[in-house]
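Residue numbering restarts at 1 for every chain, and letters A, B, ... go by the order of the sequence lines.
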Amino acid sequence: MIRTHEAGTLRGAHAGERVVLAGWVARRRDHGGVMFFDLRDASGVVQVVSRGDDESVHSAGGTGGRPPGGHSLRAEFCVKVTGEVRQRPAGNENPELPTGAVEVVAEAVEVLSEAEPLPFPVEGGTDISEEVRIKYRYLDIRREEMARNLRIRSEAAYLLSDVMREAGFVNLETPYLTRSTPEGARDFLVPVRLKPGSWYALPQSPQLFKQLLMVGGMERYYQLARCFRDEDFRKDRQPEFTQIDLEMSFVSRDDVLAVGEALVATLWREIAGYEVPLPLPRMTYAEAMSRFGSDKPDLRFGVEISDLTAYFANTGFRVFQAPYVGAVVMPGGGSQTRRELDAWQDWAKSRGARGLAYALIGADGSVSGPVGKNISDAERSGLAAAVNASPGDCVFFAAGAAHASQELLGAARLEIGARCGLIDSTAWSFLWVVDFPMFEETDEGGWTAIHHPFTSPLPEWADKFAAEPGGALADAYDIVCNGTELGGGSIRIHRQAMQQAVFDIIGLSAEEAQSQFGFLLDAFKYGPPPHGGMAFGWDRLIMLLAGAESIRDVIAFPKAASGADPLTGAPTPITAAQRKEAGIDARPAQATPPKTG
RNA sequence: GGUCCUGUAGAGCAGUCGGUUAGCUCGUCACCCUGUCAAGGUGAAGGUCGCGGGUUCAAGUCCCGUCAGGACCGCCA
């Protein structure tokens, strides 16, 4: 090793020792006759003192025109420091620093490599555009916050491995070059040189392979799997992302949830120092939607949605003559200016709603505002009690189709929580959302699977889901933390007849099913075990654990929102020769018959 | 595919009603400085105001287009 000690580990007990350190120049404080600088390595920082008269700074190569001696260090030079650890002079200790009791008096500072002036400050500045940060990611990773996030990610992966091994899971990889499936998200496609015109797809998830592993008798499988989806970005979405993928045989829902809970409990205990109360509460999808307007409710604050459909059943107000009327209360919102209330209308419109009707509860309990003018005296007088509003509050309404209205109110609820400072950012709120619907109607009037078509119905729906697809509930579950969907899964279908019934409902013919999933259906002919599993979004999970605001902050080399990578410049055009070799422009024979002339 | 926000020196930002030489902080460079830890002092360099077009006597500022970044809707089983 080039060094004898790590900078961040030095303490008073090391005083008098001669040490060799290596790292980066973090901050300099040059006083002419004496210079201090903080030497940073992976373990932390320690102050180095360099005297002007010791000619201690020199370049390793001895060339390059930089004069020997003098304090010619700049930020982020990579240096090797030889010197003696000593207690700092009385009064000069820095209690802010773990190493603040000591300093290293340099005998020699060797510049291992120089750094050009930085594109952004590595020390200090935090408000740096992400584009620049990602372009110079190697510098961004030197920053304390990013380095910490990545180390948390690493630690979490080790903990995951421990937990899963302890629970008897086998850790296996599944293919990255696989078969395109028309279901679900758009695939990333890979041309195949050996078979021009044919393409691999990168997996959206290892779903089908892990089910095959269950047929194969592995019984318990997990993997930290990279997944790929060619869809548009969000701050918590990347085109490639990582998930903890797991699957178990001979289990019911409770068994899978117990593994998920053990995993979360371990990660939060060891990394966040938080003891997750187990078992986690469970809430049905229907309850989550009606109370919180979301299938991933943030339970760190109240402000629940009131269902006013019955209250306004006989209303004369035409807007409220709808299949569903609901409301959510903004505490103290009654004092908002007209401009602020108008801004809510724009907010609602930006979400595709017509607007957000509101009423204001006066100090004397009177009801005013647009809705107040349009409802009857009786409706006005009971309103505050019906929505549990207090004087000075603002009540927002949504009326129309139940699902869309609840989602609007749910979004308004989150906005209220944020604007009114109701969310305790130090709190953790975990829950399972269970009993999702199996199907939803498509625009064409058919049905599509909400989770995926291999999801089993709840046991009580096993015999009747085909007759009543609109009401059928799936044995599917999501784990939610602080309003973020951390993961989800389901008990799978393992019987052919039931699988075919699901395909029938979603309009997938036997031939189509055979052509798309034939390998799975074939496998299910050979004694498939009952099985189920789940997947956690690893990036999102780490984001929450690290307290980061974007999954990009917990990914070493993320992509920008355009899908491009500012660091490497990918994606790039390829040469004509590459196109030819990859067979990109080849056309399948049946699509375009070979020309004869 | 759609909506919105942003784009000014290496970084972060200001720039009024369209009007003189586009400012501030940090960083960089030079010099001074022996106890700082966001060191301090003096001075200097550094700008195609994203790009293109338009309106105007005059555009960083107004209009149109375009590109890039970000947020959201659609999408993401």
Test side-chain contact (heavy atoms from CB on, under 4.5 Å) applied to [X] - qualifying residues, sequence neighbours left out:
| X | value |
| --- | --- |
| A/Met330 | A/Gln336, A/Trp344, A/Cys394, A/Phe396, A/Ile416, A/Cys420 |
| A/Trp199 | A/Leu189, A/Pro191, A/Ile584 |
| A/Ser205 | A/Gln207, A/Cys227, A/Arg229, A/Gln243 |
| A/Glu240 | A/Arg226, A/Phe228, A/Lys559 |

With rounding to the closest Å, how many angstrom separate the [atom1] atoms on [N] and [M]?
| N | M | atom1 | result |
| --- | --- | --- | --- |
| B/G12 | B/G52 | C1' | 28 Å |
| B/A58 | B/U20 | P | 15 Å |
| B/G54 | B/G60 | P | 15 Å |
| B/G65 | B/A22 | P | 30 Å |
| B/A45 | B/A30 | C1' | 10 Å |
| B/A9 | B/C5 | C1' | 24 Å |
| B/A39 | B/C49 | C1' | 34 Å |
| B/G50 | B/C13 | P | 14 Å |

Could you work out which one of B/C37, B/G35, B/A11 sits closest to the side chain of A/Arg51?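 Closest of the options to the side chain of A/Arg51: B/G35.
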Choosing from B/U34, B/U36, B/G74, which nucleotide comes nearest the side chain of A/Val34?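 Of B/U34, B/U36, B/G74, B/U34 is nearest to the side chain of A/Val34.
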Rounded distance (Å) that lies between atom [atom2] of [N] and atom [atom1] of [X]:
| X | N | atom1 | atom2 | result |
| --- | --- | --- | --- | --- |
| A/Gln243 | B/C76 | CD | C1' | 13 Å |
| A/Asp38 | B/C37 | CG | P | 11 Å |
| A/Arg354 | B/U3 | CZ | P | 20 Å |
| A/Met35 | B/U36 | CE | C1' | 12 Å |
| A/Phe120 | B/G10 | CZ | C1' | 11 Å |
| A/Lys349 | B/C73 | NZ | P | 18 Å |
| A/Glu407 | B/C76 | CD | C1' | 14 Å |
| A/Glu93 | B/U36 | CD | C1' | 13 Å |

May I ask you to say whether A/Glu415 pairs ionically with A/Arg419, meaning some side-chain N is under 4.0 Å from a carboxylate O?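 Salt bridge between A/Glu415 and A/Arg419, a charged N being under 4.0 Å from a carboxylate O: yes.
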Is the closest basic N to carboxylate O distance between A/Arg29 and A/Asp38 below 4.0 Å?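 Yes, charged N to carboxylate O under 4.0 Å.
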For [X], report the nucleic acid contact type (base, sugar-phosphate, nothing); a contact means any heavy atom under 4.0 Å.
| X | answer |
| --- | --- |
| A/Glu549 | nothing |
| A/Pro89 | base |
| A/Glu440 | nothing |
| A/Arg40 | nothing |

Do A/Tyr324 and A/His403 have ring centres separated by under 6.0 Å?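 No: the rings miss the under 6.0 Å criterion.
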Filter on salt bridge (charged side-chain N to carboxylate O under 4.0 Å, His left out), then keep only pairs touching residues 561-570 of chain A, sequence neighbours left out; what's left?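 Pairs touching residues 561-570 of chain A that pass the test: none.
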Applying salt bridge (charged side-chain N to carboxylate O under 4.0 Å, His left out), which residue pairs with at least one partner in residues 476-487 of chain A are found, sequence neighbours left out?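 Matches after skipping sequence neighbours: none remain.
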Does [N] have a Watson-Crick or wobble partner in any strand here, with both distances under 3.5 angstrom, and which is it?
| N | answer |
| --- | --- |
| B/C62 | B/G54 |
| B/C49 | none |
| B/A30 | B/U42 |
| B/G74 | none |
| B/U16 | none |

Taking atom CD of A/Glu93 as the centre, report whether more than 12 heavy atoms of other residues, nucleotides or ligands fall under 6.0 Å from it.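 Yes.
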Give me, pair by pair, the N or O atoms of the protein and of nucleotides 22-28 of chain B that are less than 3.5 Å apart, along with how far apart they are.
from  : atom 1 : to      : atom 2 : distance (Å)
B/U28 : OP1    : A/Arg28 : NH2    : 2.8

Sort out for me which residue in A/Val49, A/Asp30, A/Val81, A/Val46 forms a side-chain contact (heavy atoms from CB on, under 4.5 Å) with A/Phe37.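 Of the listed options, the one satisfying the test is A/Val81.
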Can you name the residues that form a salt bridge (Lys or Arg N to Asp or Glu O under 4.0 Å) with [X], not counting sequence neighbours?
| X | answer |
| --- | --- |
| A/Arg354 | none |
| A/Asp41 | A/Arg3 |
| A/Arg40 | A/Glu76, A/Glu123 |

Looking only at N and O atoms, is any donor in the side chain of [X] or the base of [N] less than 3.5 Å from an acceptor on the other one?
| X | N | result |
| --- | --- | --- |
| A/Glu231 | B/G74 | no |
| A/Arg88 | B/C37 | yes |
| A/Arg29 | B/C33 | no |

If only side-chain N and O atoms of A/Asn94 are considered, is one of them under 4.0 Å from the OP1 or OP2 phosphate oxygen of B/U36?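 No, because none of the side-chain N or O atoms of A/Asn94 sits under 4.0 Å from OP1 or OP2 of B/U36.
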Just by protein heavy atoms under 4.0 Å, how would nucleotides 66-72 of chain B read 5' to 3' in B, S and -? --SSSSS
Closest nucleotide of RNA chain B for A/Gly91 versus for A/Val132: which of these residues is on the 5' side?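 In this pair, the answer is A/Val132.
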Do any N or O atoms of the protein come closer than 3.5 Å to N or O atoms of nucleotides 41-45 of chain B, and which pairs are they?
none

Checking salt bridge (charged side-chain N to carboxylate O under 4.0 Å, His left out) for the pair A/Arg133/A/Asp553: CA distance, chi angles, key distance, verdict? CA-CA 10 Å; A/Arg133 284 176 50 201; A/Asp553 287 341; 2.9 Å; yes
Stacking between A/His31 and the base of B/A39 (centre distance under 5.5 Å, interplanar angle under 30°)?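 Yes, A/His31 stacks on the base of B/A39, since the ring centres sit under 5.5 Å apart and the planes are within 30°.
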